[in-house]
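Report on the structure given below.
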Amino acid sequence: MTEEFSKQYNPKETEDKWYKFWEENNLFSAKASPGKKPYCIVIPPPNVTGILHMGHALNNTIQDILIRYHKMKGFQTLWMPGTDHAGIATQNVVEKSLAKEGLKRQDLGREKFIERVWQWRQLYGSTIIHQLKKLGASCDWNRLRFTMDQEYSIAVTEVFVRLYEKKLIYQGHYIINWCPRCQTALSDEEAAHAELQGSLYYLKYPLKDNPQEFITVATTRPETMLGDTAVAVNLKDKRYKKYVGKTLILPLVNRQIKVIADNMVDMQFATGAVKVTPAHDPNDYKLGKKHKLDFINVLRPDGSMNESAGKFSGLDRFKAREAIIEELKSQGLLEKVEAHTLSVGHCYRCHTIVEPYLSKQWFVRMKPLARPAIDAVKKGKIEFHPQRWEKVYLNWMENIQDWCISRQIWWGHRIPVYYCKNCQAKNPKLGIIVSKTRPQKCPKCSSVDLYQDEDVLDTWFSSWLWPFATFYWPEAKEDLKYFYPTSVLVTAPEIIFFWVARMIMAGLEFKKQIPFKDVYIHGTVRDIEGKKMSKSLGNVIDPLEIVAEYGADALRFSIISITSQGQDVFLSKERFEQGRNFANKIWNASRFILMNLKPEDIRVDLCVFFKNEKLDIVNRWILSRFYSTLQKAEKELECFKFNEAANSLYSFFWHEFCDWYLELIKPQIDQRQTQVVMFKVLEKYLRLIAPFMPFIAEEVWQKLPGSKDSIMLQSWPHLQNELISSSDEGQIQMAFDIINAVRNMRTELEVPLSSRIEIKLALPDKLDGEMLAPLGPYIKNLAKIDNLVITGEYLPQKNEYAVALKNMHIVMPLAGIVDVASQLKKNLAKIDKLQSEIKTKEGMLANENFARRAPKEIVEEEKTKLNDMRTQLVKLEVIKNGLR
RNA sequence: GGGCGAUUGGCUCAGUUGGUUAGAGCGCCACAUUCACAUUGUGGAGGUCAGAGGUUCGAAUCCUCUAUCGCCCACCA
């Protein structure tokens, strides 16, 4: 026995030690091993700016469990780690730190600024990696990738060029989501819609011919009226028929605009007349194209009004809104204002309200990419867990829109497009050169006057290549061949569109193979009130604090056990106590076993041991329970039911192994077979719990006699069946029931454990009595019985107290005063309940339809139950008579 | 406007393909402490499974509707 076995488990002392041990022994590193089956997960790369939150903790614990489990199962496992350069987010962070020096990125210039970002990354970019290590993440850190790595960037460029050459990338003027704060275009997915309480303004536009006559239009963004170039009504709308083709005077700017007719206009909404601002609304844009209207941009990139806004020029968009409304009001052109809830896009990085903005951007044509990705899921090549996300995925894919991939920021992969000034001078549409490397001269005119596109690519344009670009694609390295397609992707629902869907498209397009077979979507981590955990809400539980206070194993175990498949996770700090307590339980049970272990006795081969040794029922029972727990946990792990697996392991260890088994064997702990069995069960159990709680598993494992290698290198236990017969199982269950009943009697009669008691077990069937006899010592021990008598039929006497258990009476002499009246009441209540249950059951069995349609085994089961209940009833009646 | 999820003891949640006596953790009540563990043990109280209807021999579980809460998607100005 080792001296350092404290009474309480102290995770702080062990966790860092074992993590270091694993790293130093290269236990996380993976090599392509053609003889072995690969199992690979690519980490959802956290942002370099990231700080570990509970979502990461959940996400990475799941992956770590999968990796560790499969490693023990004999797979060649690889968990590929890395970080994402997170273009906008990182640029924002660095700009903020510049701001503290009173600088803007423009003050530094592009090159210097990017240098600063790299410096920042050097200093802080690996924070989250260190934090992941605290959790116990078994990533192959030697492979750590970054989406801005040179090799990775080659893949990004390659993909851009290939798609361009396939005409799947194009440049064009379209309405995109523009963030005035970040001053860049965003994709549709990056503009998160949120409901806002706003107003619907009714504006009166006078007719040119008769300024006393108006058409009233409704808008939620009155400032855009400065860019109106038409008013549209529905063709069928009788109210407006006479105005179609007429000219209106746009107030404030006095522009003449036409009334046009289009069936896109909803007659029911507001006045049925809509102002058309082709440069600031996607629908209006379509109308503008269709009706050849002018496109007047009234906004600057920063969200203030531009020169086209006349006297409002320079005002912020929301200030301009107020000013315009005031002005219209004073001119009598504001009919009314209604409260109106509307859904508005917000920048997913800075939460600023985005503007639909007409600008020149690069796009990916998505429909052709989506088709095979839809098929892959429909045909079951890729499966979502839980399955319902499949629908979400398919719905999005089937309605997919083109992807705006250019960003007007500096931090990111520069778009590999070059322009020839000479060619462009002749025709602005020409002179575009798309090339993996910077061309020396224009291939058309040989001019050397070239410049590169200023924009960078959407961060997700690099992330979508993650499952293969991390293996240095387009090079065909051995690892890529061996580990791709990867096995499973573990992520949160929020990024199905951003990332999962696009990875599937990219995998199929560039590798001609799916990127992963299974997608496990876990829930979102929320606080106890159901709110998303976020820094701004101040409701964050910091995983590192939990690790410091309760231990990483406790964090891992708790978060897994409360996360049922696909449901959101509601967390409060107290919930981590369960994990901590469990770790402590494992610790103390191990401590107990090792304290009592005689090392010479346990060096046996378990298979041989089973054959040669005649195990007693308790040892057979715990082995059988162990193996059925193993089977159950394994099944649950295989179908991604992590919480159920964790809970199976928990209740086996705590309630069966500790509460029953260890208590049962205490008197016989020196016996050889008990020594072997308790040791083997512990030893094997540690392997089962290791994927969930790797630190304590390793710590205890290393204390076991004979352990040398890490528990990570042990194999997952194999199943052993038929250790215990069903009659054995019934027997031990009977013993447990008797023990429980006697314990309960003691409480009811207020007989303390210290009091000696005598118990009679009265069984009518002699055979039952004989079967039970070997369990007598166990019953005596756990129920603290001094004298246990097993007899045949026996009627409880006046001075005795009895309870009915199945077909037996448990009889105990009365000690002290018993409240006969309350006992009688309880007894009568039991009889009542039982009688009504019997009635139900009799009715059920008497029902011909039941007998005919229910499966035979169910009918048999029910018959047995009914018989048991009848026996029980007789026993209760006997007791009732005794109490009277 | 569509889609999805949730509704089970005081709280937070499980509950396999429908099988009849619905589970856990926390909390609560009572008892226990030289004997692995008070981060413990033992016993107990506490639920007509949101409501209504239906299918079925049998429903927490399947179907329909309703209510409440939450999430996602969509170009209603």
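We name chains A, B, ... by the order of the sequence lines, and we start the count at 1 in each one.
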Round to a whole Å and report the spacing from CD of A:Glu195 to P of B:rG2.
-> 15 Å

Working to the nearest 0.5 Å, report the span between CG of A:Asp553 and CD1 of A:Ile696.
-> 6.5 Å

Nearest-angstrom distance from the residue atom CD1 of A:Ile562 to P of B:rG23 | 23 Å

Tabulate atom names and distances for all N/O pairs under 3.5 angstrom spanning the protein and nucleotides 16-19 of chain B.
none

With sequence neighbours left out, write down each residue that passes salt bridge (charged side-chain N to carboxylate O under 4.0 Å, His left out) with A:Asp737, or none if nothing qualifies.
-> A:Lys806

Rounded to whole angstrom units, what separation is found between the OH atom of A:Tyr357 and the P atom of B:rC75?
-> 21 Å

Kindly say whether A:Ala273 contributes a backbone atom to a donor-acceptor pair with the side chain of A:Thr271 at under 3.5 angstrom?
-> yes

What distance, rounded to whole Å, do you find between the two C1' atoms, one in B:rC63 and one in B:rG18?
-> 13 Å

Would you find a donor on one side and an acceptor on the other, under 3.5 Å apart, between the side chain of A:Trp660 and the backbone of A:Ile622?
-> no

note: A:Phe384, atom CZ; B:rC4, atom P; distance rounded to Å ~ 16 Å

Which residues share a ring pair (Phe, Tyr, Trp, His ring centres under 6.0 Å) with A:Trp178, sequence neighbours left out | A:Tyr357

Heavy atoms under 4.0 Å, any strand shown: does A:Phe497 hit a base, just sugar-phosphate, or nothing?
-> sugar-phosphate

What interatomic distance, in whole Å, is found between P of B:rA77 and the corresponding atom of B:rG5?
-> 28 Å

Map A:Gln578 and A:Arg388 onto RNA chain B by nearest heavy atom, then report which one ends up closer to the 5' terminus.
-> A:Arg388

Look at all strands and tell whether A:Val265 reaches a base, only sugar-phosphate, or nothing, counting heavy atoms closer than 4.0 Å.
-> base

In chain order, what residues pass the ring pair (Phe, Tyr, Trp, His ring centres under 6.0 Å) check against A:Tyr202, with sequence neighbours excluded?
-> none

Would you mind checking if A:Arg580 and A:Glu549 are paired as a salt bridge, meaning a charged N to carboxylate O distance below 4.0 Å?
-> no

For A:His340, report the nucleic acid contact type (base, sugar-phosphate, nothing); a contact means any heavy atom under 4.0 Å.
-> sugar-phosphate

Specify the separation, in whole Å, of atom CD of A:Glu398 and atom C1' of B:rG3.
-> 13 Å

Which salt bridge (charged side-chain N to carboxylate O under 4.0 Å, His left out) pairs, counting each pair once, include a residue from residues 384-404 of chain A, with sequence neighbours left out?
-> A:Lys378-A:Glu398

Report yes or no: is the cationic atom of A:Lys275 (NZ for Lys, CZ for Arg) under 6.0 Å from the centre of the six-membered ring of A:Tyr205, at an angle within 45° of the ring normal?
-> no

Stems for RNA chain B (at least 3 consecutive Watson-Crick or G-U pairs, under 3.5 Å) come to B:1-7 with B:67-73, B:10-13 with B:23-26, B:28-32 with B:40-44, B:50-54 with B:62-66

With sequence neighbours left out, the residues meeting ring pair (Phe, Tyr, Trp, His ring centres under 6.0 Å) with A:Trp389 are none

Span that lies between the C1' atom of B:rU8 and that of B:rG46, in whole angstrom = 13 Å

Listed nucleotide nearest any side-chain atom of A:Tyr650, set B:rU12, B:rG25, B:rC76 | B:rG25

Determine the interplanar angle of the A:Phe582 and A:Trp654 rings, folded into 0 to 90°, and report it as parallel if under 30°, tilted if 30 to 60°, perpendicular if over 60°.
-> parallel

Please check if the side chain of A:Arg591 supplies one atom and the backbone of A:Tyr9 the other of a donor-acceptor pair under 3.5 Å.
-> no

Salt bridge (charged side-chain N to carboxylate O under 4.0 Å, His left out): which pairs involve residues 651-661 of chain A, sequence neighbours left out?
-> A:Arg625-A:Glu656

Between B:rG3 and B:rC13 - C1' atom distance, rounded Å = 25 Å

Roughly, in whole Å, what's the span from CD1 in A:Ile496 to C1' in B:rC4?
-> 11 Å

Any protein N or O atoms within reach of nucleotides 61-64 of chain B? Criterion: under 3.5 Å, listing atom names and distances.
none

Contacts of A:Glu574 and A:Thr219 projected onto RNA chain B by closest heavy atom; the upstream (5') one is A:Glu574

Could you give the distance separating B:rC76 and B:rU61 at their C1' atoms, to the nearest angstrom?
-> 40 Å

Summary of salt bridge (charged side-chain N to carboxylate O under 4.0 Å, His left out) pairs that have at least one residue in residues 646-655 of chain A, sequence neighbours excluded = none

Once each nucleotide of nucleotides 33-42 of chain B is scored for protein heavy atoms under 4.0 Å, what B/S/- sequence comes out, 5' to 3'?
-> ---BB-BSSS

Atom CG of A:Asp284 and atom C1' of B:rC75 are separated, to the nearest Å, by 10 Å

Identify all side-chain donor-acceptor contacts of residues 639-653 of chain A below 3.5 Å with residues at least two apart in sequence or on another chain.
{"from": "A:Asn647", "atom 1": "ND2", "to": "A:Asn643", "atom 2": "O", "distance (Å)": "3.1"}
{"from": "A:Ser648", "atom 1": "OG", "to": "A:Lys632", "atom 2": "NZ", "distance (Å)": "3.0"}
{"from": "A:Ser648", "atom 1": "OG", "to": "A:Glu636", "atom 2": "OE1", "distance (Å)": "3.0"}
{"from": "A:Ser648", "atom 1": "OG", "to": "A:Glu644", "atom 2": "O", "distance (Å)": "2.8"}
{"from": "A:Ser651", "atom 1": "OG", "to": "A:Asn647", "atom 2": "O", "distance (Å)": "3.4"}

Between A:Glu638 and A:Lys635, does at least one N-O distance fall below 4.0 Å, as a salt bridge requires?
-> no

Same-atom distance (C1') from B:rU48 to B:rC37, integer angstrom = 41 Å

Rounded C1' spacing from B:rG15 to B:rG25 in Å = 15 Å

Rounded P spacing from B:rG51 to B:rA60 in Å = 11 Å

Whole Å only: how far is the CH2 atom of A:Trp396 from the C1' atom of B:rC71?
-> 18 Å

